[in-house]
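Here the structure is laid out as structure tokens; the discussion comes afterwards.
Protein chains get the first letters and strands the later ones, always in sequence-line order, with residue 1 at the start of each. Because the structure is a prediction, the values reported are computed rather than measured.
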Number of protein chains: 2
Amino acid sequence: MPPASTPARRTAVDVTALLERGRTLATPVLRAAVDRLAPPMDTVAAYHFGWIDAAGNPADGDGGKAVRPALAVLSAEVTGAAPEVGIPGAVAVELVHNFSLLHDDLMDGDEQRRHRDTVWKVHGPAQAILVGDALFALANEILLELGTVEAGRATRRLTTATRALIDGQAQDISYEHRDRVSVEECLEMEGNKTGALLAASSSIGAVLGGADDRTADTLEKYGYHLGLAFQAVDDLLGIWGDPESTGKQTWSDLRQRKKSLPVVAALAAGGPASEQLGEILAADAKSSDFETFSEEEFAARAALIEEAGGREWTAEEARRQHTIAIGALDAVHMPDQVRAAFTALADFVVVRKR
Amino acid sequence: MPPASTPARRTAVDVTALLERGRTLATPVLRAAVDRLAPPMDTVAAYHFGWIDAAGNPADGDGGKAVRPALAVLSAEVTGAAPEVGIPGAVAVELVHNFSLLHDDLMDGDEQRRHRDTVWKVHGPAQAILVGDALFALANEILLELGTVEAGRATRRLTTATRALIDGQAQDISYEHRDRVSVEECLEMEGNKTGALLAASSSIGAVLGGADDRTADTLEKYGYHLGLAFQAVDDLLGIWGDPESTGKQTWSDLRQRKKSLPVVAALAAGGPASEQLGEILAADAKSSDFETFSEEEFAARAALIEEAGGREWTAEEARRQHTIAIGALDAVHMPDQVRAAFTALADFVVVRKR
């Protein structure tokens, strides 16, 4: 038997179908869960998920890549259970993810998400807080109403991930007020904001299927490093992504003064480009007309980040985390096609363009 | 054996000592839980709980009446367990209660709580959202890390209560934008905002101690109606409370245009005073100089509410709910002194002056 990561095995998996399966299995249960909310929270949540527009008319919004539900139903299959066993887990991680988006958008003052006005912008800050709270509670409800020992264990792991998510947001906010953030601090923040919930997504179906703690911990290791790879790629796309693919503005993260991995790595690298970048960003931080900067000015900053090595370092970091993620799978017994699917999802995460 | 509600039995219980016991058992664990939060959330939470002042110096703040932790540790004794068995439950309900206070104060724009500036006022809206989220997550963590079947059941009940809490806040917000709110709607909202968490507080220790669902449901019935009695008294104190005792302004709820029970009952009563009150409050709702109204103007509104019967109706409602709460206890076996303590707490709730 060839090792799980051979190219031959990888090409056999249709990632689009895997993502579609997660979405198809989770969405009806997610919609039913959201329908439990008292008005007007049900409507506000439906708007957030892209199921209706701001006027309340049905919409077919961009629900995102849906990596989390795909991982959750896939992880159920680790134990030999049917993917359906992972559905409550898939719904719970989506609910927690969207709870954090609702609150983060408000805290960060972000006005756009998935090409649409954010909830606080359309329905006001109070509804963004309230519906976020409700989705968080609903995540626990969906799991705990299963009434099993496994559901209690799954909820506990999800709670740990949620706490990490909150820690990550706290770090993100505090870093905004600082001149310098180290690469280690940035990685810790991204591990909390992205790694922890992908970790929980990768284990939750298995836990619901009765996996032991060692198996769940190993799957979480896969998901955590997958999350770091995912975020490194996101940070690259946030600067050099094609607006046609990402749906974001050019130099999006630079416009938001984000201290993302390429930036902190470039600043930490030393050398002339790194030092010049440091001076420019320090001046930008004090600039009052930053928002009127031209394309060329952002392009010049991106070029300096690249020259200082921030782009290549981040690309290498994505590959490094991808390797750790796939390597972690070796410690767990699982059906070959499940291993191949986990591997294919990790491959997808690092090559995606959006 | 005399029935549980005889005056003789009631006088045997020292309510102050009961409340103090709950506070003493819960506080060290609550503080240790809050210490788990990453900076600056630990500091912000410590400020909220009154353990430090805005400058970060130790403070001996007013932690509130602490009825919830007292109920939680008492309920553990229903099953014959030690009160200590209820401690994680007491801490969890306090965490959920304070999560809701942090978010509600921000949503409602309230600048003062327990005689101090609210968290969003001192530390900004983002910290109020974030620390609220963290306390909610911590509540689940504290329970689920017990790792028992009972902890899963307790968390599920607490989650149900939290969802009700959120529903109640949604109702409260939506009622603010309406001219009229019925007595039934007001009671439903108060049941969600106050009843549900007192219900969970009254059962959580018992659930952790292994009580069956029927026992837990019955204790929740006691707590729910206790909550409605509590809120009716709160609504009376919100208008006619002595500022010296309550620490609030005179006519506090009237100044905030709160559609509390005495107001909605007075408006629903019909008759000349009721109609006159309706006209005045409708004009107040449109008034731009409402905040400059004199003592006498608020006193005149309070007098109309009383004349229309709103004060007496609410006092009667408090007694009615108190009776239902105590009556619910009859359906559960428990040690005599535990029953007497539950009864004494219910008595305390309706006679308190703050």
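- Residue A/K259 places its NZ atom among more than 12 non-hydrogen atoms of other residues, nucleotides or ligands, all under 6.0 Å distant.
- For chain B, the option among A/L130, A/L37, A/T159, A/N140 with the highest count of heavy-atom pairs below 4.5 Å is A/L130.
- Heavy atoms of B/S174 lying under 4.5 Å from chain A are absent altogether.
- Sparse packing is recorded around CG of A/D179, with 12 or fewer heavy atoms of other residues, nucleotides or ligands lying under 6.0 Å away.
- Looking at B/L165, there are no atoms closer than 4.5 Å to chain A (heavy atoms on both sides), in backbone or side chain.
- Comparing B/M41, B/M107, B/R36 by how many heavy-atom pairs each has under 4.5 Å with chain A, the most go to B/M107.
- Considering every non-hydrogen atom in both A/I173 and B/A126, the closest pair reads CD1-CB, 4.0 Å.
- Of the inter-residue distances, the one linking B/E141 atom CD with A/L158 atom CG reads 12.0 Å to the nearest 0.5 angstrom.
- Considering CZ of B/R156 and OG1 of A/T155, their distance stands at 11.0 Å, rounded to 0.5 Å.
- Residue A/L143: no heavy atom, backbone or side chain, is found under 4.5 Å from chain B.
- Counting heavy-atom pairs closer than 4.5 Å to chain B, the top-ranked of the candidates A/T162, A/D133, A/D167 is A/D133.
- When all heavy atoms are compared, the tightest approach of B/R163 to A/A137 is CG-CB, 3.7 Å.
- Relative ring orientation between B/F136 and A/F136 is described as tilted, the plane-to-plane angle lying within the 30° to 60° band.
- More than 12 heavy atoms of other shown residues, nucleotides or ligands fall within 6.0 angstrom of atom CG in B/N57.
- Using a 4.5 Å cut-off between heavy atoms, B/E145 touches chain A through backbone and side chain atoms alike.
- Contacts with chain A were tallied for B/D104, B/D108, B/L144, B/T160; B/L144 has the most, counting heavy-atom pairs under 4.5 Å.
- Only the side chain of B/L106 has a heavy atom closer than 4.5 Å to any heavy atom of chain A.
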